[in-house]
There are 2 protein chains.
Amino acid sequence: MAKNCNFIEKLRELGLRPTKQRVKMCEVLFNREKTFHFTINDLVKMISEEMNEKISLATVYNTVHAFEKKGYLKEISINSDKSYFDTNTSVHHHFYDEDTHELIDCDENDIDPVNIKKNITGKKINSVEVLVKVESDNQNQKKFN
Amino acid sequence: MAKNCNFIEKLRELGLRPTKQRVKMCEVLFNREKTFHFTINDLVKMISEEMNEKISLATVYNTVHAFEKKGYLKEISINSDKSYFDTNTSVHHHFYDEDTHELIDCDENDIDPVNIKKNITGKKINSVEVLVKVESDNQNQKKFN
DNA sequence: AATCTACATTATAATAATTCTAAACTGTTG
DNA sequence: CAACAGTTTAGAATTATTATAATGTAGATT
Ligand SMILES: [Mn+2]
Ligand SMILES: [Mn+2]
Ligand SMILES: [Zn+2]
Ligand SMILES: [Zn+2]
């Protein structure tokens, strides 16, 4: 979204008023080197750790969805119970660790291009994404009982 | 699950008591030729159409999860808001129509095998599934304003 | 067969996730 | 410096899901 901390200007460009809630959320979400995955609850925790005033949960939802609509966040559905968001908005694949519930991005060359042979008339393809579910490999680990 | 309607015996085999709620849900879910996708709400509607007594929503959840645990239903996450279930329990790929919110199964030969090059040490792959999001192709359709 | 008991099942009540909307705020115009 | 028209916030309401108390059932025991 931006290299340094000029989120006020960036928000204005997007047509979003640079309120203190939004600027803080920009800092928490976009003022970092690497992209990452989070749930709304993760985000609320991150905000409250960095700020003493709390942002209402509804505002966190509103702002996340505003950023999503502008294309700076992406929603990822893995489980029905938790909704994940991703600051990496490109079309990309994921590993999901069913033990730790951790979501890991795939690199461009981790998975070969997926070849779709079927096409549905009148429909165009928006995205093709692979989800690889993994869990710890206990095949060697013998259990006593 | 079964060709004809002997769900009572089948439920017993699974260690589930053949209550009238469960037998009815078996009929609605498994007494058909083709597999299909549904939400909990879809299912509640289907049940109430076929039955005059209603089954409590919590029981529908309980039973769906019981069938899922026994391997006769599979949960599919597309959106955070709706949870889809699938009577096709095999590992398979999906097209998701973002206009109609319809979920369509991929055939074995609709998508070439996905080649995963990355492997995470200590973790084994449980499933590899592709989600293809499509929407109506309006590239020709000119809008007046 | 009637009673007891342990466990399974149901469905109401409680909780958690998400959205709605009324109130507060801000920027613009006269 | 009002008045007004959005915009934004956040408490209230809704919806999805789960926890648990009440109910039902299949043996075991008499
Ligand atoms: Mn969303
Ligand atoms: Mn489930
Ligand atoms: Zn990602
Ligand atoms: Zn399917």
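Lettering follows sequence order; numbering is per chain, from 1.
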Handout entry: Nucleotide dT8(D), atom P - distance to NE2 of His65(A) in whole Å
Key = 16 Å
Handout entry: Pairwise ring-ring contact (aromatic ring centres under 6.0 Å, His included) hits with a residue in residues 37-61 of chain B, at least two apart
Key = Phe36(B)-Phe38(B), His37(B)-His94(B), Phe38(B)-Phe85(B)
Exercise for the section: Could you please name the option among dT8(D), dA10(D), dA11(C) that lies closest to any side-chain atom of Gln21(B)? Expected result: dA11(C)
Completion exercise
Between CD1 of Ile8(B) and C1' of dA26(D) the distance, given in whole Å, is 16 Å
Practice task
May I ask you to verify if any side-chain N or O of Ser83(B) is less than 4.0 angstrom from the OP1 or OP2 atom of dA16(D)?
Solution key: no
Exercise for the section: Would you mind reading off the distance between Leu16(A) atom CG and dT26(C) atom P, rounded to a whole angstrom? Expected result: 16 Å
Practice task
Write down the distance between NZ (Lys20(B)) and P (dA8(C)), rounded to a whole number of angstrom.
Solution key: 20 Å
Practice task
Would you mind reading off the distance between Leu14(B) atom CG and dA8(C) atom P, rounded to a whole angstrom?
Solution key: 15 Å
Exercise for the section: Establish, with yes or no, whether the OP1 or OP2 oxygen of dT9(D) is under 4.0 angstrom from a side-chain nitrogen or oxygen of Arg17(A). Expected result: no
Problem - Minimum side-chain heavy-atom gap Ile120(B)-Ile104(A) below 4.5 Å - result: yes
Handout entry: First encountered from the 5' end of DNA chain D, between Ile40(B) and Pro18(B)
Key = Ile40(B)
Exercise for the section: State plainly whether the residues Lys118(B) and Asp107(A) are in salt-bridge range, i.e. N to O under 4.0 Å. Expected result: no
Handout entry: Rounded distance (Å) that lies between atom P of dA16(D) and atom CG of Asp42(B)
Key = 11 Å
Practice task
Using a cut-off of strictly less than 4.0 Å between a heavy atom of the residue and any atom of DNA chain C, enumerate the qualifying residues of residues 55-62 of chain B by number.
Solution key: Ser56(B), Ala58(B), Thr59(B), Asn62(B)
Fill in the blank from the handout: In whole angstroms, the gap separating C1' of dT8(D) from NZ of Lys69(A) amounts to 13 Å
Handout entry: Salt-bridge criterion met for Asp99(B) and Lys123(A) (N-O under 4.0 Å)
Key = yes
Practice task
Check whether any side-chain N or O of Thr63(B) sits under 3.5 Å from a backbone N or O of Thr59(B) as a donor-acceptor pair, and report yes or no.
Solution key: yes
Handout entry: Value in whole Å for how far the C1' atom of dA10(D) lies from CE of Met25(A)
Key = 14 Å
Practice task
With Val134(B) as reference, evaluate Ile125(A), Val128(A), Asn119(A) under the side chain to side chain contact (heavy atoms under 4.5 Å, CB included) test and give the passing residue.
Solution key: Ile125(A)
Practice task
Using a cut-off of strictly less than 4.0 Å, decide whether Thr19(B) has a side-chain nitrogen or oxygen near OP1 or OP2 of dT25(D).
Solution key: no
Exercise for the section: Evaluate the ring planes of Phe7(B) and Phe30(B), with Trp represented by its six-membered ring, and classify them as parallel (under 30°), tilted (30 to 60°) or perpendicular (over 60°). Expected result: tilted
